Trainee: 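Following this message is one structure expressed as structure tokens.
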Amino acid sequence: MSTETDHAADVAVLGCGLMGSALASALAEAGYRVIVWNRTAAKADALRGERIDVARTVAEAASAAPLLLASVGTYDDVHDMLDGIDTLGGHTLVNFTTGTPAQATRTLEWAVSRRLAYLDAAILAYPQHIGTADGLILASGPSRDWKAHSQILGVLGNVRHISEHVDAANILDASMVGAFHISALTALIESVTFAIDRGVSATELRAVTEHVLTLFIPVAAEIVHNIATNTHDTDQATLEVYSAATRSFVDTVSSDGHSARMVTAASAMLEEGERAGLGSSGISALQRVCTPRPAASI
């Protein structure tokens, strides 16, 4: 699978944390020549193998391959580690670092000024999913740069180019991983802690959790449709029904001192919807208290 080029490697992975290590390993297992670099050398050394070489400097790694994958702490870290390297022209940087849409846009401008092609990427998965169909990775930016490297990027999992707009991957990352997934996980932790402390067995909790998640999938699809079409009629449960029930849940969870931060936040949002006159609509009508102005499609 290795490509015949004048470079010592097919791809350089910059950053060898849990995710960067998974990226490097998946590429090597697919037959590509990989060179890795990490600020703490021991993490890079741990990856050394038949198809993985270790660079002692970031400049060595960046010069060794036409395709650079960055998986580091912040966008500032990306700039800091690559600034001053004069061999970036003609290379492509795919940035897997978590950041903001504005940072993605600025980083594209920064890359263009260095004759460096740029794609922004978001990984909606855990390291164990890299290289599998569950490893959803979203890339955004110029399609010509995506097409040039789609084959090698494709071995990392279920990799999709979603938009010419470079900020699109970050928008979906912030909305689905940040605002939704992480919030849901913290709500689940708060909920399970309360139930376990009140004597519910782990076996029963797992069964009920699986049932609730099964019900959630079609509800989530309906909410996406309702918000996309701005239609919020319901024949199941109105927003005011949700609001009344949630006030009761807040009282139940907080009555003996347990944390109820997540359900309290949900209750406050539902009450805001009621004050906005949305009580007889479906819960998706909360869209109207979330949106400051119409947003452009990505």
Side-chain angles (χ1 to χ4, degrees), residues 98-103 122 124 126 138 167-200 202 204-298:
T98 300
T100 68
Q103 287 175 320
L124 279 68
Y126 291 101
L138 308 178
D167 61 354
N170 257 315
I171 290 171
L172 278 169
D173 195 26
S175 61
M176 298 312 298
V177 175
F180 172 58
H181 183 67
I182 294 176
S183 296
L185 286 178
T186 55
L188 179 63
I189 291 165
E190 191 173 79
S191 304
V192 170
T193 299
F194 167 73
I196 290 286
D197 286 352
R198 294 298 297 266
V200 178
E204 191 60 39
L205 265 174
R206 281 193 296 268
V208 172
T209 301
E210 289 174 7
H211 173 74
V212 170
L213 291 176
T214 299
L215 293 179
F216 185 82
I217 293 173
V219 172
E222 181 181 2
I223 285 174
V224 170
H225 170 78
N226 290 351
I227 292 176
T229 59
N230 195 23
T231 55
H232 305 289
D233 295 336
T234 183
D235 60 0
Q236 298 299 307
T238 63
L239 188 149
E240 63 188 0
V241 169
Y242 277 102
S243 186
T246 304
R247 282 192 291 271
S248 176
F249 298 150
V250 170
D251 291 341
T252 299
V253 176
S254 62
S255 62
D256 58 358
H258 277 86
S259 168
R261 285 187 288 265
M262 300 303 292
V263 70
T264 297
S267 181
M269 190 171 182
L270 288 161
E271 289 178 350
E272 183 179 357
E274 287 187 291
R275 290 193 296 273
L278 305 174
S280 61
S281 299
I283 192 171
S284 60
L286 287 174
Q287 169 196 16
R288 295 171 183 167
V289 301
C290 294
T291 305
R293 59 183 181 276
S297 172
I298 62 172

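For reference, positions follow the sequence shown, starting with 1. Everything numeric here is computed off the predicted structure, so don't read it as measured data.
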Trainee: Checking Thr214 now: which residues fulfil side-chain contact (heavy atoms from CB on, under 4.5 Å) with it, not counting sequence neighbours?
Mentor: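 With neighbours one apart ignored, the set is empty.
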Trainee: To the nearest 0.5 Å, what is the distance between CG (Leu138) and CG (Leu172)?
Mentor: 6.0 Å
Trainee: Applying ring-ring contact (aromatic ring centres under 6.0 Å, His included), which residue pairs with at least one partner in residues 252-284 are found, sequence neighbours left out?
Mentor: Phe194-His258
Trainee: Answer yes or no: does atom CG of Asp251 have more than 12 heavy-atom neighbours from other residues, nucleotides or ligands under 6.0 Å?
Mentor: yes
Trainee: Sequence neighbours excluded, which residues qualify as side-chain hydrogen bond (donor to acceptor under 3.5 Å, both in side chains) partners of Ser259?
Mentor: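 For Ser259, the residues satisfying side-chain hydrogen bond (donor to acceptor under 3.5 Å, both in side chains) (neighbours in sequence not counted) are Glu190.
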Trainee: When you measure from the side chain of Thr193 to the backbone of Ile189, do you find a donor-acceptor pair of N or O atoms at a distance under 3.5 Å?
Mentor: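 Checking the backbone N and O of Ile189 against the side chain of Thr193, a donor-acceptor pair under 3.5 Å is found.
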Trainee: Output the distance between atom NE2 (His232) and atom OG1 (Thr229), rounded to the nearest 0.5 Å.
Mentor: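 One finds 7.0 Å between NE2 of His232 and OG1 of Thr229.
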Trainee: How long is the span from the CG atom in Asp167 to the OG1 atom in Thr100, to the nearest 0.5 Å?
Mentor: 9.5 Å
Trainee: What are the two closest heavy atoms between Gly273 and Leu239, and how far apart are they?
Mentor: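 Gly273 and Leu239 have their closest heavy atoms at C-CD2, 4.1 Å.
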Trainee: Listing request: all ring-ring contact (aromatic ring centres under 6.0 Å, His included) pairs with a residue in residues 174-193, at least two apart in sequence or in separate chains.
Mentor: Phe180-Phe216
Trainee: Any sub-3.5 Å donor-acceptor pair from Ser248's side-chain atoms to Ala244's backbone N or O?
Mentor: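 Here the side-chain-to-backbone pair does not exist.
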Trainee: Just how far is it from atom OG1 of Thr234 to atom CG of Asn226, taken to the nearest 0.5 Å?
Mentor: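 So the OG1 of Thr234 and the CG of Asn226 are separated by 8.5 Å.
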Trainee: Closest approach of Ala122 and Ala169, non-hydrogen atoms and distance?
Mentor: CB-O, 3.6 Å
Trainee: Over all heavy atoms of both residues, which pair between Ala187 and Ser191 is shortest? Give the atoms and the distance, please.
Mentor: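 Looks like O-OG, 2.7 Å.
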Trainee: OG1/Thr98 to CG/Asn170 distance, rounded to the nearest 0.5 angstrom?
Mentor: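 Interatomic distance, Thr98 OG1 to Asn170 CG, rounded to 0.5 Å: 7.5 Å.
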Trainee: Looking at Val289 and Glu272, what are the two nearest heavy atoms and their distance?
Mentor: CB-OE2, 3.9 Å
Trainee: Which heavy atom of Asp173 sits nearest a heavy atom of Leu124, and at what distance?
Mentor: OD1-CD1, 4.2 Å
Trainee: I'd like to check Val241 versus Ile283 (side-chain heavy atoms, cut-off strictly below 4.5 Å). Are they in contact?
Mentor: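 Side chain of Val241 against side chain of Ile283, heavy atoms only: no contact under 4.5 Å found.
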Trainee: For Arg288, enumerate each residue passing the side-chain hydrogen bond (donor to acceptor under 3.5 Å, both in side chains) test, keeping only those at least two apart in sequence or located in another chain.
Mentor: Asn230
Trainee: Tell me the salt bridge (Lys or Arg N to Asp or Glu O under 4.0 Å) pairs involving residues 204-226, sequence neighbours left out?
Mentor: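 For residues 204-226: none.
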Trainee: Any idea which heavy atoms bring Ser284 and Thr231 closest together, and the distance?
Mentor: OG-O, 4.2 Å
Trainee: Find the distance between CG (Leu286) and CD (Glu274) and round it off to the nearest 0.5 Å.
Mentor: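 The distance works out to 9.5 Å.
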